[in-house]
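Below, read A as the first sequence line, B as the second, and so on, with proteins coming before strands; counting in each chain starts at 1.
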There are 2 protein chains.
Amino acid sequence: MNLTINKFHFDSDKVGLNRFFGPLEAKIMDILWSGSEKSIKEVQHILEKEKAINFNTVMTVMNRLVDKNLLVKRSEGRKSLYSPVKTKEEFMQEQSKKLTENLLDEFGGLVVNHMLDSLDKVDQSLLERLEQKLTQLKKEKS
Amino acid sequence: MNLTINKFHFDSDKVGLNRFFGPLEAKIMDILWSGSEKSIKEVQHILEKEKAINFNTVMTVMNRLVDKNLLVKRSEGRKSLYSPVKTKEEFMQEQSKKLTENLLDEFGGLVVNHMLDSLDKVDQSLLERLEQKLTQLKKEKS
DNA sequence: TTTTTACACTACAATATGTAATGGAAGGTG
DNA sequence: CACCTTCCATTACATATTGTAGTGTAAAAA
C-alpha cells in the first residue's frame, strides 16, 4: 500500500514557486502575478475553479503574504485590493540571482558543470550571449 | 526596539547546507562529511565545542537523518556508527544539478544572465571549460 | 553487583502553512 | 428604519518540520 513510505524522504524536488512558497501561497502569488490587483473574493473565485476553498483561508494566506512583504493591500472603500510588490519577473530575477550566486559561491565548479550540461537545452540566443560574455571576460583578464 | 520586525520577512537567504537542512542538521551533516563514520557521542563532543548540547538531541536528529536516507547507521556491538549515504560532493552535485536544471527550466534566460554576471568571480579553468563546451555546442548545432 | 554508557521511546516547544469559525462593520434593499 | 448580505479582523486549530530533552532499558565496565 506504500503507506508512509515517502514520509521521510528528503524532499529536494520542490519546483518553481514551491521552492519559495507553500502550495496555496504559490497559487495565490501566481494569480496575482498574472493579472491586475484583485480582491480576496476574486482570488477565491479563481481558486475555486480547481477546488472549493474557504474565503477566510484565502484571506489569511493573502494577509500573511502582505506581512511578508510580498503583496500590498490597498483599501478601496470597504474593499481591499491586493497586488504583488514586485512583478514575477523581478521576483524571479532576484531569487534566481540569489540562488545562482549562492550556488556558485558554494559549489563553484560543480554548478558550472551542471549549467554546462543543461546548456544543450537552452536556446541559441542564450548561447550567443554566453559567447559574448566569454569573449569579454577574456579581454578583461588579459 | 525592533522586536518582531523581522519575524515576517520573506526569508530567501538560506545559504549552503541550510537550504537543505535545519541548522543542527546541517552541522551534523558537515561533521559526518568531514571525517570518518562517527558515533553519536563523537558528534556530540564535536558539537559541544561550540555550545553544550544534549546527547539525546544529537541522537534524535541523527536518527531522523537516517530516516531521511541521508545517513546510514551501522551497528558495531552496542555502538552505532553513522556515516553519510553520499559524499558531500555527490550530494552537492545532485542538489546543485536539480536546482540548476529547475532554474533553467523555469527561468531560462534569467538564470543564464545571472550566471553570466557571476562568472566574473569564477576562476580561469571554469571559463576554459565553458569555452570548450560552447565550441562543442556550436559544432553540434550546425 | 553496582555503575555507567548507549540507545529506544516518547514528548514537547516553536515555526510555517493550510484551514476555518465567529463576530463586527459597511452598504444595499424592502 | 430594520434586515440581510458582503467583506474584513480576530482568533483558533491542525499538521509537518525541526530542535530539545526526559525516562526507561539493555549491555558493558568497574
- So, do K38(A) and I46(A) sit near enough that their side-chain heavy atoms are less than 4.5 Å apart? yes
- Query: Would one find a side-chain N or O of K79(B) under 4.0 angstrom from OP1 or OP2 of dC7(C)?
  - Reply: no
- Query: Quick one: does F21(A)'s side chain get under 4.5 Å of I28(A)'s, heavy atoms only?
  - Reply: no
- Message: Per the salt bridge (Lys or Arg N to Asp or Glu O under 4.0 Å) rule, what does the pair list look like for residues 75-86 of chain A, sequence neighbours excluded?
- Response: R74(A)-E76(A), K86(A)-E94(A)
- Please determine if a side-chain N or O atom of K73(B) lies less than 4.0 Å away from the OP1 or OP2 oxygen of dA8(C). yes
- Message: I want to check something: taking the side chain as every heavy atom from C-beta on, are N63(A) and Y82(A) in contact at a cut-off of under 4.5 Å?
- Response: yes
- Message: Working to the nearest 0.5 angstrom, can you tell me the gap between M62(A) CE and E25(A) CD?
- Response: 12.0 Å
- Query: What is the distance, rounded to the nearest whole Å, between atom CG of L81(B) and atom P of dA6(C)?
  - Reply: 11 Å
- Can you tell if the side chain of V66(B) reaches within under 4.5 Å of the side chain of L71(B), non-hydrogen atoms only? yes
- Note on the structure: To the nearest 10 degrees, the angle between the two end axes of the helix from dT1(C)-dA30(D) to dG30(C)-dC1(D) (five pairs per end) comes to 20°
- Message: Rounding to an integer number of Å, can you tell me how far K38(A) NZ sits from dC7(D) P?
- Response: 15 Å
- Query: Roughly, in whole Å, what's the span from NZ in K41(B) to P in dT4(C)?
  - Reply: 13 Å
- Over how many whole Å does the gap from E42(A) atom CD to dC8(D) atom C1' extend? 15 Å
- Query: Do D30(A) and K88(A) touch side chain to side chain, with heavy atoms closer than 4.5 Å?
  - Reply: yes
- Task: Mind running a 4.0 Å heavy-atom check of residues 44-63 of chain A against DNA chain C and sending the residues that fall below it, in number order?
- Result: K51(A), I53(A), N54(A), N56(A), T57(A), T60(A), V61(A)
- Task: Under 4.0 Å from any atom of DNA chain C, heavy atoms only: list the residues of residues 22-31 of chain A that qualify, in numerical order.
- Result: G22(A), P23(A), L24(A), E25(A)
- Does any non-hydrogen side-chain atom of L32(B) lie less than 4.5 Å from one of L65(B)? no
- Quick one: E76(A) CD to dC8(D) P, roughly how many Å, whole number? 11 Å
- Provide, to the nearest angstrom, the distance between the CZ atom belonging to F21(B) and the P atom belonging to dT18(D). 10 Å
- side-chain contact (heavy atoms from CB on, under 4.5 Å) between V85(B) and L70(B): does it pass, once the steps are laid out? CA-CA 5 Å; V85(B) 167; L70(B) 291 161; 5.8 Å; no
- Item | Linked, directly or transitively: V58(B) and L81(B) (ILVMFWY side chains, under 4.5 Å) | no
- Looking at CZ of F91(B) and CH2 of W33(B), how far apart are the two atoms once the value is rounded to the nearest 0.5 Å? 4.5 Å
- Just do the side-chain contact (heavy atoms from CB on, under 4.5 Å) check on L24(B) and T57(B) with the steps written out, would you? CA-CA 10 Å; L24(B) 181 53; T57(B) 300; 3.8 Å; yes
- Is there any salt bridge (Lys or Arg N to Asp or Glu O under 4.0 Å) pair reaching into residues 45-63 of chain A, and which pairs are they, with sequence neighbours excluded? K27(A)-E50(A)
- Query: Between K41(B) and Q44(B), is any pair of side-chain heavy atoms under 4.5 Å apart?
  - Reply: yes
- Query: Over how many whole Å does the gap from I40(A) atom CD1 to dC8(D) atom P extend?
  - Reply: 4 Å
Under-3.5 Å N/O pairs linking protein and nucleotides 25-30 of chain C:
none

